[in-house]
Asker: 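Sharing a structure here in structure tokens format.
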There are 2 protein chains.
Amino acid sequence: MSKDNEKLALELAALTRETNKLGIPIMVVFEGVKASGKTRLSNELLLTLDAKYTHFIPTKSPSEDDLRYQFLQKYWNSLPGNGDINIYFRSWYAYYIEYQENKIKNNIYNKYHHLKRQIIDFEEMLKSDGTELIKFYIEINDKKRNEHLQDMKDNPLMSWKAQEYEKAISDDVYHKEMHEILKHASKGEWKIIDYTNKDEAITSMYKHMINRLKQAIDRFHKRNIDVDGDFSQSFQTKLLEQSLEKVDKATYKTLIVTLQGRLKELQFALYERKIPLILVYEGMDAAGKGGNIKRVREKLDPTGYEVNAISAPTDVELSHHYLWRFAKDMPRSGHIEIFDRSWYGRVLVERVEGFATKQEWQRAYKEINQFEQMWTDEGAIILKIFLTLDKDEQLKRFKLRENTIEKQWKITDEDWRNREKWDLYLEASHDMIELTNTDNAPWLVVPADHKKTARIEVLKYIIKKCEEKLWGVKQYE
Amino acid sequence: MSKDNEKLALELAALTRETNKLGIPIMVVFEGVKASGKTRLSNELLLTLDAKYTHFIPTKSPSEDDLRYQFLQKYWNSLPGNGDINIYFRSWYAYYIEYQENKIKNNIYNKYHHLKRQIIDFEEMLKSDGTELIKFYIEINDKKRNEHLQDMKDNPLMSWKAQEYEKAISDDVYHKEMHEILKHASKGEWKIIDYTNKDEAITSMYKHMINRLKQAIDRFHKRNIDVDGDFSQSFQTKLLEQSLEKVDKATYKTLIVTLQGRLKELQFALYERKIPLILVYEGMDAAGKGGNIKRVREKLDPTGYEVNAISAPTDVELSHHYLWRFAKDMPRSGHIEIFDRSWYGRVLVERVEGFATKQEWQRAYKEINQFEQMWTDEGAIILKIFLTLDKDEQLKRFKLRENTIEKQWKITDEDWRNREKWDLYLEASHDMIELTNTDNAPWLVVPADHKKTARIEVLKYIIKKCEEKLWGVKQYE
């Protein structure tokens, strides 16, 4: 390496110690045709940085297992923690081109526009949350490139790699698609580097990295944690004012068995059709979420569903984008995931308790809609259940819990503290339902003052929605 | 459910809240032939327990991806955290039978004895560490069983499941193998439950669970955290007394390039032959581990290796068996994983600083040997490098770091504190090398007072060992 580049490398390394200390997550993308020099260039970067917080993530063709998950799932799973630097050796862009070219999941993505939009949303969410996203596109002149390829073919230990290259997506296709993407990108979004002169390419990469990290550090110090986002009014949703006719005991007893039996059959039908089902439960404390979930899952085959009961985040979870811990638990095709509380914590408890800044929770409504759409785009069913309770009924249930030995463990000081903030939680719930009640992932608000009625209501709703999806309106033409 | 069983369920639920609070990890295994009732029974248990700390883990046939990893990898990955309960619906036993019956990785496991031993070691390690391991084998009479199967076939929505059953390992094979395992198990190791009478089966399961959890809680309170393990002498290994002839500057300059080029070729050869390489680095502070690793990786293809630089464990890692966080980063076939510090922390820093109890670190030598053997059993290469330094040379390097602006970040108060415990670390290192220098995963002790010499030495050693494996002695007959 030239002396100048060595100096730049030292400067960059020092800056990354700074971004690591500040907790800024960094994602660096390398795209480029085969044998363009992106291996050497990304390796140069990798060797410059401290292995303690640097990860190298190559994009491979989707495996059978990958295809059972959402398009971006593997990138959600591998998001950098705060202060980490992830180097993506080819990325969701190459992955997108492979989907499109090989017509992967073609029945779902007829024109693959969805995926382009998902990529934009994904990057936007990460950037809003403080991730520094740096994208390189590496080019090289044909002569140099053919030299690289020939070197590879001439080495008996590496010639198989050259053969693998020939099996992969052709460079012509990749090149054409990437240029389409680059053409529509905003100014400065991609840094294009010509690798024909190696030393100059390295200089160019280091300078761009240094420049971007300085900007990121600058932005970090200037960030204002208490500004508003794009939302400032409060809603009053009519959904919270409904009431239901009570189901009597005898009807409940026969109905619940029928509905559970039907849901079990639907579980198998969803499995066979590879449709994932995501159930989200939110609601007031003591509204009966646990009991309601129990009736939904009671007859299901336990090998095909999971319940994710959300507790306070671990330190690793806190050190990631807030959607990371939910994304990685999303079900694979044909499976059911039940969230007992969910990502909506961002606009409920985190809003009310101030764990998220104003800007963060106000931005979250849009982000959550985009997030959910990534799954429904691919045919997942998302159903969101909100159990409401009136304030007096909650008090009655709290007291019952305190006075019944087997139920005492269910009531904590935190429940009483939350109750004091009833109005704030109610306001947050109103806003949430109003702003995230989308066609593709609707809310069902269920008055839960009579638990048995609420259970029947929820079961009927899930069954109806699954039947619609399975045998009703055709979803994708 | 009968009233009696409801009472038992409540008792069990209360006990699991206790084991959760105490942080006792629990693993419950359900084995049994198809349609024996183990789904219903395990579901009964699942519904009894709090979803916050209960996970249901079905064993599926190994996927293509699974087969790129060590036999037990997926079970290492899914170990319960402290206080969690994992229910395994079929387990490493069924997995073992499938390996054997379908002759999976047959060239490696000629007689599959290795796997049986791995299972014993695996369970032993977990139990020693406080995991409560409860194993059920479910039986049923043929008449009832055929009724279950017929029910399934008669339901149009579930008949495909009956068909899947027919494709899987035959019950005869499974039954025969499991009975062989049960025959050789120690008394009380397995609880056999007859599901012919459902209510009695549930009673039997609850009672056994209650009994075992009570014992676990009892043992937890009685545990003595400061007793010795099976090791009480201190060793003086001759390996630490070696010296090396210095490599001069000119020789280094040409030699390093040749060796790095050769290692790169070997990386591709290992990849083609699907042999994973695991490099473990330990050594005194300032011995030059980072620089040594840099020379090893410098020319490698970054898509085929990773460096795992070990920091203090996160809270999630602390809440698992100490080997968990390393097991989950072990390389898949054909890849290279470099550990900059490793599981040997258990018998170095954790021993010296008292983070592990006496019994824990004294037990660890044997556990580590068993752990490493799980990987070498399957053809992985494990090479362990220990860089030694004398105390004066360390002082010189510490001072140099303090006095050089670009190196100041490398020296911390912790380094000075560790230096004060030099003798304790040296003693721990002696013991470690003496007790874990196995044929299948040997130590190379390298005097590192001259960094360049140490780099050449390590590169030569790795190359030699890889060549031996690739083209030398035949490993498996």
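Lettering of chains follows the sequences in order, A, B, ..., and the numbering in each one begins at 1.
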Asker: Can you tell which part of B:Glu298 gets under 4.5 Å to a heavy atom of chain A, answering side chain, backbone, both or neither?
Answerer: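 Contact with chain A involves both backbone and side-chain atoms of B:Glu298.
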Asker: Using a cut-off of under 4.5 Å for heavy-atom pairs, which of A:Ile293, A:Leu10, A:Asp301 has the most such pairs with chain B?
Answerer: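 Highest number of pairs under 4.5 Å: A:Asp301.
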Asker: Would you confirm whether A:Asn308, through its side chain, and A:Ile338, through its main-chain N or O, come within 3.5 Å as a donor-acceptor pair?
Answerer: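 No.
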Asker: If I measure from the heavy atoms of chain A, does B:Leu300 come under 4.5 Å with its side chain, its backbone, both, or neither?
Answerer: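 Looking at B:Leu300, just its backbone touches chain A.
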Asker: Heavy-atom distance under 4.5 Å to chain B: side chain of A:Ile57, backbone, both or neither?
Answerer: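 No part of it gets close to chain B.
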Asker: Checking heavy atoms, do the side chain of B:Phe268, its backbone, both or neither come under 4.5 Å from chain A?
Answerer: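 For B:Phe268, the contact with chain A is made by backbone and side chain together.
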Asker: Is B:Glu265 close to chain A through its backbone or its side chain, or both, or neither, when contacts mean heavy atoms under 4.5 Å?
Answerer: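 It is both, since atoms from each part get that close.
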Asker: Pick whichever of B:Leu266, B:Thr314, B:Asp340, B:Thr303 has the most heavy-atom pairs under 4.5 Å with chain A.
Answerer: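 Among B:Leu266, B:Thr314, B:Asp340, B:Thr303, the one with the most close pairs to chain A is B:Thr303.
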Asker: For chain B, which candidate among A:Gln267, A:Glu272, A:Glu406 shows the most heavy-atom pairs at distances under 4.5 Å?
Answerer: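 Max contact count across the listed options: A:Glu272.
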Asker: Are more than 12 heavy atoms from other residues, nucleotides or ligands located less than 6.0 Å from atom NZ of B:Lys328?
Answerer: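 Atom NZ in B:Lys328 is packed in, count exceeds 12.
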Asker: Please flag which part of B:Asn155 lies under 4.5 Å from any non-hydrogen atom of chain A: side chain, backbone, both or neither.
Answerer: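 Side chain only.
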Asker: So, applying side chain to side chain contact (heavy atoms under 4.5 Å, CB included) with A:His55, which one of A:Asn86, A:Ile85, A:Ile87, A:Leu46 is it?
Answerer: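 Only match with A:His55 under side chain to side chain contact (heavy atoms under 4.5 Å, CB included): A:Asn86.
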Asker: Using a cut-off of under 4.5 Å for heavy-atom pairs, which of B:Arg40, B:Glu44, B:Glu306, B:Lys60 has the most such pairs with chain A?
Answerer: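 Top option by heavy-atom pairs under 4.5 Å: B:Lys60.
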Asker: With a 3.5 Å cut-off and no angle check, do the side chains of A:Tyr305 and A:Arg297 form a donor-acceptor pair?
Answerer: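 Short answer, yes.
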Asker: Evaluate the side-chain proximity of B:Asn5 to B:Leu8: yes if any heavy-atom separation is below 4.5 Å, no if none is.
Answerer: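 Sidechains of B:Asn5 and B:Leu8: in contact.
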Asker: For chain A, which candidate among B:Ala269, B:Ala51, B:Pro302, B:Gly304 shows the most heavy-atom pairs at distances under 4.5 Å?
Answerer: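 Option with the greatest count: B:Pro302.
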Asker: Go through A:Lys264, A:Lys52, A:Glu317 and name the one with the most non-hydrogen pairs under 4.5 angstrom from chain B.
Answerer: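 Looking at each of A:Lys264, A:Lys52, A:Glu317 in turn, A:Lys52 comes out on top.
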Asker: Starting from the C-alpha separation in whole Å, work towards a yes-or-no answer on salt bridge (Lys or Arg N to Asp or Glu O under 4.0 Å) for B:Asp285 and B:Arg341.
Answerer: CA-CA 11 Å; B:Asp285 287 331; B:Arg341 302 203 187 274; 2.8 Å; yes
Asker: So which part of B:Asp50 gets closer than 4.5 Å to some heavy atom of chain A, the side chain, the backbone, both or neither?
Answerer: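 For B:Asp50, side-chain heavy atoms alone lie under 4.5 Å from chain A.
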Asker: In this structure, which one of B:Val28, B:Val29, B:Asn43, B:Thr39 forms a side chain to side chain contact (heavy atoms under 4.5 Å, CB included) with B:Phe89?
Answerer: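 It is B:Thr39, the one option of B:Val28, B:Val29, B:Asn43, B:Thr39 that forms the side chain to side chain contact (heavy atoms under 4.5 Å, CB included) with B:Phe89.
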Asker: Could you give the distance from CZ (A:Arg455) to CD (A:Gln260), rounded to the nearest 0.5 Å?
Answerer: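 So the gap between those two atoms works out to 10.0 Å.
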Asker: Does a donor on one side chain sit under 3.5 Å from an acceptor on the other, for B:Asp65 and B:Ser63?
Answerer: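 The answer is no; no qualifying pair exists.
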